[in-house]
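All values derive from a computational prediction rather than experimental measurement. Residue numbers start from 1 in every chain, and the chains themselves are labelled A, B, ... in the order their sequence lines are given, proteins ahead of strands.
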2 protein chains.
Amino acid sequence: MTRARHTDVRETIGEDHPTCRLRDILDRVGDKWSVLVMNLLGSGPKRYSELQRAIEGISQRMLTLTLRSLERDGLVERTVTPTSPPRVDYALTPVGQTLSAQVSGLITWAEQHREHVAASRLRYDAS
Amino acid sequence: MTRARHTDVRETIGEDHPTCRLRDILDRVGDKWSVLVMNLLGSGPKRYSELQRAIEGISQRMLTLTLRSLERDGLVERTVTPTSPPRVDYALTPVGQTLSAQVSGLITWAEQHREHVAASRLRYDAS
DNA sequence: CGGTATCCTGCAGGATACTG
DNA sequence: CAGTATCCTGCAGGATACCG
């Protein structure tokens, strides 16, 4: 065993080894819209236009890019119903749901602590 | 009540109201280094140079910026020991620890699913 | 050791226009 | 309706040099 047994995150944390596992996932969570999209899909499948309206501020370009990227990672499933006009639905995959659960925890945290954070910022900025 | 009772995240999700709560926090988690730093501090206080070495790839500028920002948000506490050479320690605040716990969940998820994600990407890219 | 201060660049992501 | 194709810009963040 050459070190790094079990889930030894702390020491391989930011290295850009070919196998750097963290960056990949963190970038996914880190980008501007993925978390928002996943959270929305957490309450059930949505059409493209529903997402677009719900998120409000996202460009068509970024919504598509985000969805494609989530699909590529196997987190979201895209279903096309070739009617006219076409209808496209997006839903979390089972794996996507497990990530969505984590994300949900994050959002809950944000809700619960935003007052504290805001206050802390004011204090900090006053000095 | 004009709508939006309790923690009604789903509908106010991306709006840039003056009070948009989510973006603030997500940006914090979303930036390139915060999550990494917080996770490191999750295993106990660290000196500046320890963090720098542990993260490997982070620039001095970004480490300082990240730490200042976490401090501003009341998530990390900075302790200066004015010896010579100076010694500066960083530790999670109690609130910081609660966020660190969420982050930790995210990282665990990443560890557990990176194979699946990698495989999914290969499949997707092959078409 | 633990930072600032500058300068510089890539690219995330917005705006806009067109399409099956 | 659900996208693609382009063009364009701000700023996150790297590199480098200097300091108490």
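Within the structure, every side-chain polar atom (N or O) of B:Arg78 is placed at least 4.0 Å from both OP1 and OP2 of C:dG2. Contact annotation: A:Ser49 side-chain N/O to D:dA2 OP1/OP2 distance is under 4.0 Å. Distances shorter than 4.0 Å separate none of the side-chain N or O atoms of B:Tyr48 from OP1 or OP2 on C:dT4.
Base engagement by B:Gln60 is indicated by at least one non-hydrogen atom pair under 4.0 Å involving a base atom. Nucleic acid contact for A:Arg61: base, since at least one base atom lies under 4.0 Å from a heavy atom of the residue.
Annotation: of the two residues near DNA chain C, A:Ile58 and A:Pro86, the 5′-most nearest-nucleotide partner is A:Ile58.
For the pair A:Asp27 CG and C:dG13 P, the interatomic distance rounds to 10 Å; values are reported in whole Å. When rounded to the nearest whole Å, the span between CD of B:Gln52 and C1' of D:dA15 equals 14 Å. With rounding to whole Å, A:Trp33 atom CH2 is found 9 Å from C:dG13 atom P. Between the CD atom of B:Glu50 and the C1' atom of C:dC1 there is a distance of 13 Å, given to the nearest Å. At whole-Å resolution of the value, CG in A:Leu67 and P in D:dG3 are 7 Å apart. The CE atom of B:Met62 sits 15 Å away from the P atom of C:dG3 (whole-angstrom rounding). Taking atom CG of A:Asp31 as the reference point, atom P of C:dC11 lies 16 Å away to the nearest angstrom. Residue A:Lys32 contributes atom NZ, which lies 8 Å from atom C1' of C:dG14 at whole-angstrom precision.
The one candidate from B:Leu40, B:Leu92, B:Val37 that meets the side chain to side chain contact (heavy atoms under 4.5 Å, CB included) condition with B:Ser100 is B:Leu92.
Closest to the A:Thr64 side chain, of the nucleotides D:dG3, C:dG14, D:dC1, is D:dG3. Considering only side-chain atoms of A:Arg87, the nucleotide from C:dG14, D:dA2, C:dC1 that sits closest is D:dA2.
Between the side chains of A:Ser49 and A:Lys46, no donor-acceptor pair is found at a separation under 3.5 Å. Donor-acceptor pairing under 3.5 Å is recorded for the side chains of A:Tyr48 and A:Thr64.
Remark: A:Arg121 does not engage A:Asp125 in a salt bridge, criterion side-chain N to carboxylate O under 4.0 Å. Salt bridge present: A:Arg28 and A:Asp73 bring a charged side-chain N and a carboxylate O closer than 4.0 Å.
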